[in-house]
Amino acid sequence: MDRIRIVGGRPLKGSIPISGAKNATLPLMIASLLTDQTLILDNVPRLADVSLLQRILSNHGVDMMVPGKRPGESQQNGHTIHIVASRIVDTTAPYDLVSKMRASFWVIAPLVARMGEAKVSMPGGCAIGTRPVDLLIMALEKLGAKIEIDGGYVIARAKDGLKGGEIKFPKVTVSGTHTALMAAVLARGTTVIENAAQEPEIGDVADCLNKMGARISGIGTSRLIIEGVTRLGGARHSVLPDRIETGTYAMAVAMTGGDVLLEGARPELLQSALDVLAQTGTEVSATNEGIRIKRNGAGISPVDVTTDPFPGFPTDLQAQLMALMTMAKGTSRITETIFENRFMHVQELARLGARIALDGQTAVVTGVDKLRGAPVMATDLRASVGLVIGALAAEGETMVNRVYHLDRGFERLEDKLGACGAAIERVSG
Ligand code: UD1
């Protein structure tokens with residue numbers, strides 16, 4: 001199993017190209033199931049989760065073509081994939097595939113919308129909380145699907161097609177909104193989704209669906225209105241930049257000090273996180289090329305932050321912010337409101353010398369003058385990159401174990417940080 005070795009204490013300087021967003025790429029790939037025409041996606045990140053979803057979709061009969069490198073293209077560019085689901089050969093998504101990646105459960109919506117049936121394994125437990133699918137099922141039922149749960153599978157049927165309806169989410173859910181949207185585009189009549197998630201990745205998927213011929217309005221708001229159409233066609237769409245990757249590297253620069261341009265990053269995708277960084281004493285400026293992050297000399301100021309659905313502070317940056325706060329000049333409080341068990345990084349950060357006390361859903365972080373390198377273990381995707389941020393500032397060597405979590409969501413992390421002066425390397429085996 002690969003590990004990542006980091007020797008901390010070097011400021012980051014240079015530029016980091018921001019990849020296409022993982023959390024938009026996955027539902028965009030799943031949306032290909034809605035049409036028999038070709039969907040071309042540009043700026044797709046090279047990630048383990050993307051390859052895994054490719055395998056899952058191929059089980060349904062989806063063909064995917066990844067063209068070779070073109071002259072002038074560097075490893076820096078995201079790649080282009082051509083996806084075509086001309087014939088769905090299987091409407092079942094089996095346990096051994098769905099259990100590896102929760103988002104693959106979302107295939108249920110396009111499969112039932114296009115084929116009138118889908119049988120998808122329940123995703124099962126997950127390291128960051130129970131993460132149920134009740135609201136996804138509720139959304140499908142509102143559009144006329146008959147749902148049965150049998151042997152760990154959710155079976156959705158709509159023999160005569162789905163019908164538009166009103167879906168009102170009792171809580172904001174990204175997975176629920178993606179599901180409702182992908183089901184509604186091919187339903188007969190109008191669907192209104194109230195209290196929809198407003199995460200930018202939802203808007204990106206909705207834009208792509210409209211290019212495919214869907215009729216979605218209210219994009220970017222909490223009320224989406226969808227006029228169903230009988231079929232969708234092909235389209236070409238470029239994945240928006242990854243706001244979580246952007247925020248992660250921004251926090252890394254704040255942690256080590258230095259001056260880095262995050263190329264291609266868009267400030268409006270993570271304004272709340274950039275505001276928090278500014279409060280810590282980090283300089284944040286928008287440029288024509290992206291976002292520039294700078295911190296020199298002065299200490300890190302503590303902040304009090306609560307995670308919230310977009311446009312609030314993202315839960316996917318909570319672990320990274322906590323790592324930054326471990327060296328703040330004072331005490332900060334970080335409250336997690338989205339997932340009930342998303343503090344597993346606390347005990348690993350403590351191994352680096354962090355002082356963090358948990359009080360229910362709030363972590364109280366007392367800044368220390370220095371962290372010291374230690375062997376640590378990655379527990380989930382975002383937690384593991386929080387450990388990398390801690391390690392970049394820690395004295396001596398940190399070995400991050402179980403880095404497959406990082407490979408799921410961060411493209412070429414060690415190359416990107418290494419190019420900015422970090423002492424970081426992958427140790428194979
Ligand atoms: C997505 C993101 C993930 C991010 C999260 C919150 C992808 C691939 N993943 O996850 O990175 O951390 O949004 O921004 O885009 N819930 C229910 N019932 C349901 C569905 C959800 O109670 O049927 C709850 C969840 O347990 C959680 C909350 O709603 O407490 C939010 O979940 P949701 O927004 O759906 O997150 P995901 O789509 O799983």
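Just so you know, ligand 1 is whichever comes first in the structure, and atom 1 is the first atom listed for that ligand. Small disclaimer: the values here were computed from a predicted structure and weren't measured.
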Quiz item: Going by distance only, is there an N or O of Asp134 that falls short of 3.5 Å from an N or O of ligand 1?
Solution: yes
Exercise. Using a 4.0 Å heavy-atom cut-off, say whether Thr173 meets ligand 1 through its side chain, its backbone, both or neither.
Key: both
Quiz item: Which ligand 1 atoms are under 4.0 Å away from a heavy-atom of Thr315?
Solution: 6 (C), 12 (O), 14 (O)
Quiz item: Is the closest N or O pair between Ala103 and ligand 1 shorter than 3.5 Å?
Solution: no
Exercise. Can you sort out which atoms of ligand 1 are near Arg102, meaning under 4.0 Å from one of its heavy atoms?
Key: 39 (O)
Quiz item: Would you say the side chains of Ser222 and Asn195 form a donor-acceptor pair under 3.5 Å?
Solution: no
Quiz item: Should the proximity of Trp106 to ligand 1, defined as any heavy atom under 4.0 Å, be assigned to the side chain, the backbone, both, or neither?
Solution: side chain
Quiz prompt | 4.5 Å side-chain heavy-atom contact, Leu349 and Val365 | solution = no
Practice problem: Compute the minimum heavy-atom distance from Glu336 to ligand 1 and say whether it is under 4.0 Å. | Solution: no
Self-check item: Side chain, backbone, both or neither: Lys171 near ligand 1, heavy atoms under 4.0 Å
Solution: side chain
Quiz prompt | Check ion pair Asp242-Lys22 (N to O, under 4.0 angstrom) | solution = no
Quiz item: At the 4.0 Å heavy-atom cut-off, does Glu340 count as touching ligand 1?
Solution: no
Quiz item: Of Asp316, Thr337, Asp49, which has the heavy atom at the shortest distance from atom 3 (C) of ligand 1?
Solution: Asp316
Quiz item: Is Arg333 salt-bridged to Asp304, going by a charged N under 4.0 Å from an acidic O?
Solution: no
Self-check item: Exercise: do Gln271 and Asp275 side chains pair donor with acceptor under 3.5 Å
Solution: yes
Exercise. Find all atoms of ligand 1 within a distance of less than 4.0 Å from any non-hydrogen atom belonging to Arg342, and give their numbers and elements.
Key: 12 (O)
Quiz item: For atom 23 (O) of ligand 1, which candidate among Val172, Thr307, Leu135, Val205 holds the nearest heavy atom?
Solution: Leu135
Quiz prompt | Sub-3.5 Å N/O-N/O distance, Leu26 and ligand 1 | solution = no
Quiz item: Does ligand 1 have an atom under 4.0 Å from some heavy atom of Ala197?
Solution: no
Quiz item: If you measure only the distance, is there a donor-acceptor pair under 3.5 Å linking the side chains of Thr337 and Gln361?
Solution: no
Quiz item: Would you say Asp96 has more than 12 foreign heavy atoms packed within less than 6.0 Å of its CG?
Solution: yes
Exercise. Using side chain to side chain donor-acceptor pair (under 3.5 Å) as the criterion, point out the one residue from Arg412, Arg426, Arg46 that pairs with Asp407.
Key: Arg426
Quiz item: Does Phe339 reach ligand 1 with a nitrogen or oxygen that is under 3.5 Å from one of the ligand's nitrogen or oxygen atoms?
Solution: no
Quiz item: Does an N or O from Gly176, backbone or side chain, lie closer than 3.5 Å to an N or O of ligand 1?
Solution: no
Quiz item: Which is closest to atom 9 (N) of ligand 1 by heavy-atom distance: Ile244, Asp380, Asn23?
Solution: Asn23
Practice problem: Decide side-chain contact (heavy atoms from CB on, under 4.5 Å) for Leu274 and Ile291; before the verdict, give the C-alpha distance in whole Å, the side-chain angles of both, and the deciding distance to 0.1 Å. | Solution: CA-CA 10 Å; Leu274 296 178; Ile291 303 174; 3.9 Å; yes
Exercise. For atom NZ of Lys163, decide whether the heavy atoms of other residues, nucleotides or ligands shown that lie under 6.0 angstrom number more than 12.
Key: no
Quiz item: Are any of the N or O atoms of Arg382 closer than 3.5 Å to those of ligand 1?
Solution: no
Practice problem: Sequence neighbours left out, what pairs pass side chain to side chain donor-acceptor pair (under 3.5 Å) with at least one residue falling in residues 143-158? | Solution: Glu148-Arg157
